[in-house]
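Reckoned from all heavy atoms, side chains included, excluding hydrogens, waters and symmetry mates. The residues of the chain are indexed from 1 along the displayed sequence.
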Amino acid sequence: MDSLYTAKATSVGGRSGHLTSTEGLLNVEMRPPTVMGGPAGNFLNPEILFASGYAACFDSALNGTIQREKVKTGTTSVTAEVSIGKLATGGYGLAVKLVIEIPDIDKDKAEGLANKAHQVCPYSNATRGNIDVQLVVNETASLAIA
């Protein structure tokens, strides 16, 4: 891979610690969610950060696909839901549900664009074969993509 950009972040204390980015843009306390034994309150956790990055990345890939395909749509949005759970084989795993809104086009065309975006999105490429990723397009069609 020919690297275009490298982001750097440092964690001290893991899920119950502090996270900073090299540029100083990110400087936050991390805590597990309360359902995983974390304290009450609003804290960031790795799943929120992963969901944020995946949603932004996929929406960018989607808009690039829309532009390449020369399709006229309304403003798109992508909501990433990242779940963490125990694996049957031990340890923990993640699952992702991407809720994709592509206004002003029919469901079949929206699904086709979402599938094409899924092939070019770096997060999708990184997770393919490792994490169950479900695409839900315009909240009416669900496509299981691995």
Side-chain angles (χ1 to χ4, degrees), residues 1-33 36 38 42-146:
M1 178 182 86
D2 184 19
S3 180
L4 301 173
Y5 169 76
T6 300
K8 294 181 185 178
T10 301
S11 172
V12 176
R15 288 180 173 275
S16 295
H18 196 86
L19 183 65
T20 56
S21 66
T22 303
E23 305 87 0
L25 296 173
L26 189 63
N27 186 359
V28 297
E29 292 296 316
M30 302 283 286
R31 299 293 181 270
M36 291 179 65
N42 292 319
F43 296 98
L44 283 177
N45 61 60
E47 291 70 39
I48 291 171
L49 295 172
F50 188 73
S52 300
Y54 204 160
C57 190
F58 195 93
D59 198 30
S60 289
L62 180 62
N63 280 286
T65 299
I66 289 168
Q67 186 177 22
R68 280 188 302 283
E69 298 282 321
K70 295 178 174 48
V71 177
K72 184 162 175 58
T73 71
T75 301
T76 64
S77 70
V78 176
T79 301
E81 300 174 14
V82 174
S83 300
I84 185 170
K86 291 185 178 182
L87 297 171
T89 56
Y92 292 86
L94 298 174
V96 176
K97 178 179 174 182
L98 298 176
V99 180
I100 303 155
E101 292 293 327
I102 310 173
D104 304 332
I105 62 171
D106 67 54
K107 184 177 82 168
D108 288 341
K109 186 68 172 174
E111 288 176 350
L113 291 167
N115 280 318
K116 287 179 181 178
H118 192 51
Q119 297 306 308
V120 297
C121 173
Y123 276 66
S124 293
N125 288 333
T127 60
R128 189 168 290 111
N130 299 308
I131 295 176
D132 178 35
V133 176
Q134 179 186 29
L135 305 183
V136 178
V137 180
N138 289 350
E139 292 191 18
T140 57
S142 178
L143 303 171
I145 306 292

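- To the nearest 0.5 Å, atoms NZ (Lys72) and CD (Gln67) are separated by 13.0 Å.
- Residues meeting the side chain to side chain donor-acceptor pair (under 3.5 Å) test with Asn45, sequence neighbours left out: none.
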Under the side-chain contact (heavy atoms from CB on, under 4.5 Å) criterion, do Leu19 and Leu44 qualify, and how do the steps go?
-> CA-CA 10 Å; Leu19 183 65; Leu44 283 177; over 6 Å; no

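- Not counting sequence neighbours, the partners of Glu23 by the side chain to side chain contact (heavy atoms under 4.5 Å, CB included) test are Tyr5, Ser21, Leu25.
- Counting heavy atoms from C-beta on, the side chains of Thr76 and Leu113 never come closer than 4.5 Å.
- Here the shortest heavy-atom pairing between His118 and Ser124 reads ND1-OG, 2.8 Å.
- Between the CD1 atom of Ile100 and the CG atom of Asn138 there is a distance of 9.0 Å, given to the nearest 0.5 Å.
- Remark: Lys116 NZ to Arg68 CZ distance equals 9.5 Å, nearest 0.5 Å.
- Residues His18 and Asn27 form a side-chain contact, since some pair of their non-hydrogen atoms from C-beta on lies under 4.5 Å apart.
- When every heavy atom of Gln119 is checked against every heavy atom of Asn125, the shortest pair comes out as O-OD1, 3.1 Å.
- Shown here for Ala110 and Ile102, the closest heavy-atom pair between the two residues is O-CD1, 3.6 Å.
- Rounding to the nearest 0.5 Å places OG1 of Thr127 at 6.0 Å from CZ of Phe50.
- Atoms CG and CZ, from Asn63 and Phe58 in turn, are 10.5 Å apart once rounded to the nearest 0.5 Å.
- Rounding to the nearest 0.5 Å gives a distance of 11.0 Å between CG of Asp59 and CD of Glu101.
- With contacts defined as side-chain heavy-atom distances shorter than 4.5 Å, the pair Val96/Tyr123 does not qualify.
- Taking every heavy atom of both residues into account, Thr65 and Ala117 meet most closely at OG1-CA, 3.6 Å.
- A pairwise comparison of heavy atoms in Val137 and Ala114 identifies CG2-CB, 3.7 Å as the closest pair.
- Taking each heavy atom of Glu47 and Ile84 in turn, the nearest pair found is OE2-CD1, 3.5 Å.
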